[in-house]
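Right, one structure below, let's go through it.
Letters A, B, ... are given to chains in the order of the sequence lines, protein chains preceding strands, and every chain is numbered from 1. The shown structure was predicted, so the numbers you read here are calculated from the model rather than taken from an experiment.
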Amino acid sequence: MQKKYSWYSLLKAGLGNQEWDQAIPLVKPKSKYDVIIIGGGGHGLATAYYLAKECGITNVAVLEKGYIGGGNTGRNTTIIRSNYLRDEASSLYEHSMRLWEGLSEDLNFNVMFSQRGVYNLGHTLQDMRDIERRVNANVLNGVDAVVVDHKEIKEQIPIINTSKNARYPIMGASFQARAGVARHDGVAWGFARAASNLGVDIIQNCEVIDIEVEEGKVKGVKTTLGDIMADRVGCVSAGHSSVVAKMAGLRLPVESHPLQAFVSEAMKPILHTVVMSNAVHGYVSQSDKGDLVIGAGIDGYNSYAQRGSAKIVEHCAAAILELFPIFSRVRMNRQWGGIVDVCPDACPVISPTKVEGLYFNCGWGTGGFKATPGSGNVFAHTIAQDKQHELAVPFHIDRFTSGALIDEHGAAGVAH
Amino acid sequence: MRLKNHKSDFIDQSEALSFIFNNKSYKGYKGDTLASALIANDVLFFARSFKYGRKRGLMGSGVEEPNALVSLEIGGRYTPNLKATEVMLYDGLSAVSSSNPNSIDFRALIKPLHRFMPAGFYYKTFIKQKVWAMVEDSLRSIAGFSKAPTEKDEDVYDHIFHHTEVLVVGGGVAGITAALEVLNNSKTTRVILVDERAHLGGELFNEFQSDDTAISWHHDNLSKLLEFKNVANSRLKIFSRSTAYAWYDHNYIEVLQTNATGESLISGVTQAARKVLHKIRAKEVILATGAHERPMLFETNDLANIMLSQSVRRYLNEFGVISGKDVVLYGNNDSIYSTAIDIKNNAINCKVIDIRPSGGESETVLKAKKLGIEVLQGYAVLKAHGTNLVKGIEISSVELQGKKWRLTGPSKRLNCDLLASSGGFNPVVHLDCHCGAKTFFDEDSQAFLPQKVRKNRQVCGSISAIGFWKDVVIDAKNKAQLILLSLGEIKKSTQDSMSKNYLDYYNASQFFVPIEILNRPKVFIDMQNDVTTLDVALAIREGYRSIEHIKRYTAMGFGTDQGKTGNINGIAVAAQFLDVPLSEVGTTTFRPAYTGVDFGAMAGREVGGFFDPQRYTTIHDSHLESGAEFEVVGQWYRPWYYPKSGEDIHQAVNRECLAVRTSLGMMDASTLGKIDVQGKDSREFLSRVYTNAWMKLAPGSCRYGLMCNEKGMIIDDGVSTCINDNHFIMTTTTGGAASVYSALEMWLQTEWSDLDVHLSSVTDQFATVAVVGPNARNLMKVLCHDIDFERDNFKFMQWRPGTVCGVQARVMRISFSGELAYEINIEANYGRYIWDEVALAGKPWNITPYGTESMHVLRAEKGYIIVGQDTDGSMTPMDVNMKWILAKDKPFSYIGRRSFSISALNSDDRFQLVGLLTKDAHVVLPEGSHIINNKGGSIGYVTSSYFSPILRRSIAMAQLKGGLSKMTEIVLVKIVQEKQGLKEIPCEVSRSVFYDIEGEKVDGNE
Amino acid sequence: MFLIVCPYCKESRDQNEFSPAGEAFIARPQNPEELSDDEWSDYVFYRTNHKGDHWEQWVHTNGCRKYFLVKRSTISHEILEVAAFGEVTSENPS
Amino acid sequence: MSSLVENNVVEFRTTFQPVLDQDGFLINQDDLVCREITDLSLMVIRTSKDHKKNAITIKDIFNAKLPESLSASLNDNGDNFLWISPDEIWLLHNRNNKDQLLEKLKSLPKGMSTIDSSGAYGILEFSGNNVDALLSRWMSYDLEGSLTIGKVVSTTCGQAPVCVYRNIQGNLLMMVRHSFSHYVAGLLKDSAKRI
Ligand SMILES: Cc1cc2nc3c(=O)[nH]c(=O)nc-3n(C[C@H](O)[C@H](O)[C@H](O)COP(=O)(O)OP(=O)(O)OC[C@H]3O[C@@H](n4cnc5c(N)ncnc54)[C@H](O)[C@@H]3O)c2cc1C
Ligand SMILES: NC(=O)c1ccc[n+]([C@@H]2O[C@H](COP(=O)([O-])OP(=O)(O)OC[C@H]3O[C@@H](n4cnc5c(N)ncnc54)[C@H](O)[C@@H]3O)[C@@H](O)[C@H]2O)c1
Ligand SMILES: Cc1cc2nc3c(=O)[nH]c(=O)nc-3n(C[C@H](O)[C@H](O)[C@H](O)COP(=O)(O)O)c2cc1C
Ligand SMILES: [Zn+2]
């Protein structure tokens, strides 16, 4: 057992009386595990954690080709909310939200989940109809959400531009108070530390290069550190899902796109909540360090390069200035990209596959960080019981054949 | 202080400038940076550090500066987080430290607690969610540098595209040489040379004191460059104060130029842009970006007046200022000797402490010794003394044992008031890595160098660890030759060889300092974020072993300087603690921006009204004149309603709707997408993309069509007109026009290239005026005399060519309101004219212009859907009760058809479009409210809802699970009102047609 | 920001004139009605999403409006080849 | 019936008109002039896949050469034929000759078609040494290096699709869809202030 993080232990360490344990111990892979998780992002690590904690399966390895949290988990804008439109999605994300609310304590690691609220802005009449629809759906599903008009927005966020003459005037917004942000890296590390504490092996710099399938059953994986056996393999490799699927002879209904973000230089706090606008393709919050964390839209082409085009970020900067003209002289400090795996209906796949013992958790696209604990939780149960967790049932991959899509896109813009 | 009698090419002592820093006034000269002017005024403290609030002075002289963050000006010109080293001085400048070093600071007050707050502190504390929620805001307020701006920017930013054969980044010796070499050897090649500094020359100015040939070289070559520049149609562009900050795919590089007057644009003085973002596409790129010096590591190395050696030298040579009288130079390479020589030549005391043992000295070292400079070789600095300002140092002798340095002697103390250090140089490889190129660790130079070979790119000068400027010239020429070869300008390249000692400056035989030193507290690696060697050690001990983890755990390199001086040291320290070679640790990822870019500059002029095009119809001005309110649809601005004085939207819409129903209305329908379809296979084409039949539609007729995607979901609808057997005009929704058009082109070009069909967008060609209402025919007869408008001769869903008010027109009898209606289509240039004529001629019938809101009400009364409002991308034609529009016997399986048979599209509890009639006729359901089942769960929601003036009751459309089999059932719509609690409104499920159910109105009066 | 040679305009142009239009060589089935649900779903939703040299479609939206084929590395973004429709096919992707 | 309609003079008004100055210029400053041309109008000709046949047709009907990629050809009437796409050419002609033109176009063979676009586009003409400096703020095309005389390029100006053509006089014509004219005029006037 690792030493618990607490004021007491900090004091001891500060006085030089205690050495910290390794939060992420360096281990060598065993030759066989009960379950292998491919991908050491937040979702993969959470899956391993809940396998060990709730399903009693501790002989688990998480294999990560680089460093844990180095995929989208470590490069996202960290927005967490559960005000999704469709019942299926909202149940899943709300499940996750509840876990977030106790996560730091559960993991004994402060993931800095900060419920500073999220505004989703509406700029057109149809935006407002969609917002009404979504908020009402949320309330019926027990998810906290309200519709606010532009006056209330201005009261809450005095620096926002609510001029009626803006190119995209702000008409109103949905607001979820329990929504917010968390510290992305902390989430990966917190899950990793808690999982290894329960016996999970977290193996970094270990790329899975092939999946062994015999007679329709998974046998194990080939990695850059050698072969590792397991009867059950969960793939949680986000942007690389198609690549991993191919190793098992499968195809997926996903495409990998660059998604970009950037941060400003750190300033004293001025924006205390999270503001998102789909219409102008920009969303922004201010981190505890003081930098504005800004997310852009996806690039339309496929890519595995973890970078995108200038025009997307420049358009995003313009969008942010539409909302916050006072940020014009604030400077971008750093810009980066991630690889997001996008499903046609903007909902994930949490599913068994045609290969026995092989499960996929992918397709979270541009919005899976908020689902990290929930996704790991239902996926763990799905793997452990070889049966989809009830919240995961709608997210079966077969929906693309049956047509039972979940379609979180909603309206693709009114057209009259 | 400023040196007397110092001659500088940069400082114009005849022009004194006054400025304010932290509320005190000072004087400087034209040519100063804020940093040099403050040194001249003996100001040594600039700001506080991020985490511990430590008082800090300058460390560097340029973009690498981590400490001296200030904000400039106030109001609409307030600018946060500028490095004092990058701000050019101007008269009246007013600057404030990002956090004032002279006032009390909470972070500094809790100094005794700092030992309990190592890297990763927050992960281990405030673990209870409630506690975290309580403390987070107060922690936030401590963080951050400058205050955020509070007012709208007064200045503008331009973007300019450039195309060039060669882009040279960096205008030092290497850049100047390379640019000239290219220009000299080609007659057509275009060259752009950019440098972030105000003057071309880079680090060469540093050599001016000691090397006259450097001066003449600079003079000659600069005049040669100017010769190329100052001619008509010059092939050479030079941008100074211009930073190449990002390199994107396919040699696309963005350069941010700060106006010559810099940050100082004063209202009304100039119309110039504050900054210009140059968007450069280059065939070939030459990187001549030089190298940044890195400091040596020792305890409390962050005290004020501990600086980089080359920066001290630069302040001395370029600006004639220095911040101490008793200088110690400390380092592991010859650069400290060059600085010492210059200092000594200015009659200032200095000593050199060289960690390298004596023996095998270079010319520079010998020269320094000859000048009488005291030199201690084989010594390391353990610690700097002083509270906030360096007062002295502790040194000890060292020895290289195997590959590691060890302390060998007892420590002793030396006094000094300025310590300049050099731990070697970090080549500025940033840009090269933005697009995926890698670096490698070069043992000779102890530096990460750019990937050796890359397409259409060369590097030259100190970016590839070439130190001596004369060698840089040779290297640059060689690389320029390779560029010329690649461009095909020369057949064979000439390559000259460099002097043997070209690595001299980099003779940093070993990177590390003794690990005993690294194990001390307060050895700062990242000054801005207060990251120390022990933080790195801790991260590693806790299992954060990857350099990326170390970076994220400690925040090393996260700051505004992006670790330009600190990161490589951090990597070396990590290597030391991990006990692996540096090459194995590797660097973190280099990302844009090389230096900060204002959001305003990124956006350029695409702000405000230019953020997104606003598209207007040719009749727009008339709508403005009528005081219309507008609705934005896609990029179009459509009249929403036309309020008369005193009217609110409801009153206006009631009036407009009733006018249409009872007499006559007019509407600008120009924004609907119009696609011209021609060719002998046009019918076949329409049959494939629409769900219904098109083979028999006669010329002169129109037909409504519904379009799906392959998923079987409705994506668009509209009326298409048969002009003749080979010619149709399709209309699309306003918002869907572009995507429909490109989808149709895709089918034609990628799948059905055998069809003889041409598509052209004709949306802009026509202005469309709709004349709607029972009196529409009467009006049309006035407007147009060459069309027979009699009911049986010009039927519903037909069109006729004719002349309307003297203009050739196509008149279509189609209706989106259920009333008798004509759409007049004329060439756009006559749109305004026809609109005015219609309004005039319609007066007898009190013709009333109406907007999209009334259009919505009118169509809802008739149960016509609006794609995107009543459907949402997950509705099939069956779902909207339009099975009738699915052709059964088309031979070609039209787009989407196959999907209709998959199981989920045939389930009974799909959302289906129905009408809702509230029990209480006056209650208008809010759009977006949900229909609930007896458990309170949602079973549908209201898509459209209005008060119908003609029916004097509310009407609504809704998507309801299994709705089509629930006719006449009563359902509850739940209203979620925050304050009054929840309310349930009973409604009857109905067909979605509410008015004129038999369709008798469409023929109008008679 | 890519620089793309349009095979029709025969000139390289900035990415902002073009739009990506998905994976190449996904032919619409001749007789959709005869396909199984799985086969149909594969056509509509499933993608190869290849990591490496990848054939895809682009359209010169703000140029000649032609769709064409591009072979591009999804790792380095380097464009290796462009072709008009018909010049290369899935059997002969060169 | 109503004298009102019969007697009225038909009024032609482009969408650029409201943004021009009194003298009809969009921009009129040192070395940079931009004005609208209203006497030209535009007819789109869509050609067949048979290149040879297209060439013969254009020759026969208009006595002009079928333009090659990105180029233009002229005939004796001063009509300009602009290459837009492999199966599309634009015919810039004098607005007053439209009726004659329509007459001629009737003899186009099968597989070719025309679309009257005389109302769809506004045409701006730019002259002066600063034209490239102005347009390079909004256009990614290499105007200075690649837009040689006689060249036709469809590209973007800001976010508006436009077609530019360097005519024999060396002036640059820009065809702008009418609905974008306010937008494009706004961009150009704004940037011209800083040239
Ligand atoms: C710029 C950006 C902004 C975003 N903003 C938000 C936001 O605000 N809110 C939100 O909810 N979501 C957001 N997202 C999405 C979110 O980041 C992701 O959905 C989520 O992090 C996915 O987590 P993951 O663990 O599945 O994937 P990842 O963190 O990407 O983990 C997958 C891991 O698999 C590893 N891997 C891949 N292949 C192999 C292999 N063969 N062998 C071994 N390991 C392998 C990868 O290295 C990677 O570490 C954003 C994404 C990006 C890129
Ligand atoms: N004293 C020493 O120890 C020492 C060591 C090495 C080099 N040098 C000197 O350095 C010089 C080497 O010449 P060089 O030309 O290779 O380097 P340089 O440093 O002289 O010039 C590089 C120039 O590029 C600019 N630059 C860097 N990144 C940029 C960017 N992204 N955008 C715009 N501008 C950018 C820098 O501001 C600088 O002006 C010689 O003068 C040599 O004497 C001195
Ligand atoms: C929420 C968030 C905040 C960040 N803040 C900063 C920051 O303040 N400074 C910084 O240099 N980078 C910051 N980064 C970016 C990282 O440095 C890094 O670019 C990103 O994690 C992607 O990794 P890569 O650039 O190594 O590929 C931040 C990243 C995230 C996700
Ligand atoms: Zn083209």
Side-chain angles (χ1 to χ4, degrees), chain A residues 65 207 209 237-247 249-258 260 298-315 337 339-347 349 353-354 362-363 365 396-405 407, chain C residues 1-6 12-26 29 32-33 35-62 67-82 90 93:
Chain A
K65 74 181 164 91
E207 179 169 0
I209 46 179
S237 42
H240 279 79
S241 297
S242 300
V243 177
V244 174
K246 196 176 167 194
M247 298 174 190
L250 301 172
R251 269 156 69 83
L252 293 174
V254 299
E255 286 190 278
S256 298
H257 291 277
Q260 302 182 78
I298 65 169
D299 280 88
Y301 49 82
N302 291 16
S303 167
Y304 289 88
Q306 280 187 342
R307 64 170 184 272
S309 312
K311 69 169 181 176
I312 302 276
V313 269
E314 278 162 18
H315 179 79
I339 314 166
V340 295
D341 49 337
V342 180
C343 261
D345 61 354
C347 276
V349 168
T353 62
K354 288 183 180 127
C362 63
H396 200 289
I397 197 164
D398 278 354
R399 72 178 187 275
F400 296 99
T401 309
S402 71
L405 304 187
D407 243 317
Chain C
M1 300 289 280
F2 302 163
L3 189 63
I4 302 173
V5 177
C6 168
S12 59
R13 300 283 182 89
D14 193 277
Q15 187 182 332
N16 66 21
E17 290 183 13
F18 302 86
S19 320
E23 204 160 299
F25 309 136
I26 302 177
E33 268 31 72
L35 297 188
S36 70
D37 285 356
D38 274 341
E39 287 163 330
W40 179 248
S41 156
D42 192 71
Y43 156 67
V44 178
F45 293 115
Y46 285 72
R47 295 293 176 264
T48 305
N49 194 22
H50 183 58
K51 181 175 182 179
D53 297 349
H54 167 80
W55 276 102
E56 62 194 3
Q57 308 181 136
W58 285 75
V59 53
H60 199 175
T61 323
N62 291 313
Y67 282 77
F68 58 95
L69 299 164
V70 173
K71 184 182 180 182
R72 183 179 59 90
S73 163
T74 55
I75 302 170
S76 71
H77 292 172
E78 187 180 354
I79 292 180
L80 305 151
E81 208 174 328
V82 295
S90 57

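Residues of residues 73-80 of chain C having a heavy atom under 4.5 Å from any heavy atom of chain A, listed by number: Thr74(C), Ile75(C), Ser76(C), His77(C).
Going from atom CG of Asp37(C) over to atom OG1 of Thr401(A) covers 7.0 Å, rounded to the nearest 0.5 Å. Summarising the geometry, atom OG belonging to Ser237(A) is positioned 8.0 Å from atom CG belonging to Asp341(A); distances are rounded to the nearest 0.5 Å. The OG atom of Ser241(A) sits 13.0 Å away from the CD atom of Glu255(A) when rounded to the nearest 0.5 Å. The structure places CZ of Phe68(C) at 10.5 Å from CD of Gln57(C), a figure rounded to the nearest 0.5 Å. Taking OG from Ser256(A) and CD1 from Ile339(A), the interatomic distance works out to 7.0 Å, rounded to the nearest 0.5 Å. Rounding to the nearest 0.5 Å places CD of Gln15(C) at 5.5 Å from CD1 of Ile4(C).
Using a 4.5 Å cut-off between heavy atoms, Ile397(A) contacts chain C through both its backbone and its side chain. Only the side chain of Trp58(C) has a heavy atom closer than 4.5 Å to any heavy atom of chain A. The contact between His54(C) and chain A is made entirely by side chain atoms (from C-beta outward), counting heavy-atom distances below 4.5 Å.
When ring centroids are compared, Phe2(C) and Phe18(C) stay outside the 6.0 Å threshold.
In terms of non-hydrogen atom pairs under 4.5 Å with chain C, the most contact-rich of Gly308(A), Ser309(A), Ser402(A) is Ser309(A). Comparing Ile312(A), Val254(A), Asp398(A), Asp299(A) by heavy-atom pairs within less than 4.5 Å of chain C, the highest count is held by Val254(A). When each of Gln306(A), Lys246(A), Arg251(A) is scored by its heavy-atom pairs under 4.5 Å with chain C, the top score falls to Arg251(A).
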Checking side-chain hydrogen bond (donor to acceptor under 3.5 Å, both in side chains) for the pair Asp38(C)/Tyr46(C): CA distance, chi angles, key distance, verdict? CA-CA 10 Å; Asp38(C) 274 341; Tyr46(C) 285 72; over 6 Å; no
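With sequence neighbours excluded, the residues forming a salt bridge (charged side-chain N to carboxylate O under 4.0 Å, His left out) with Arg399(A) are Asp345(A), listed by chain and number.
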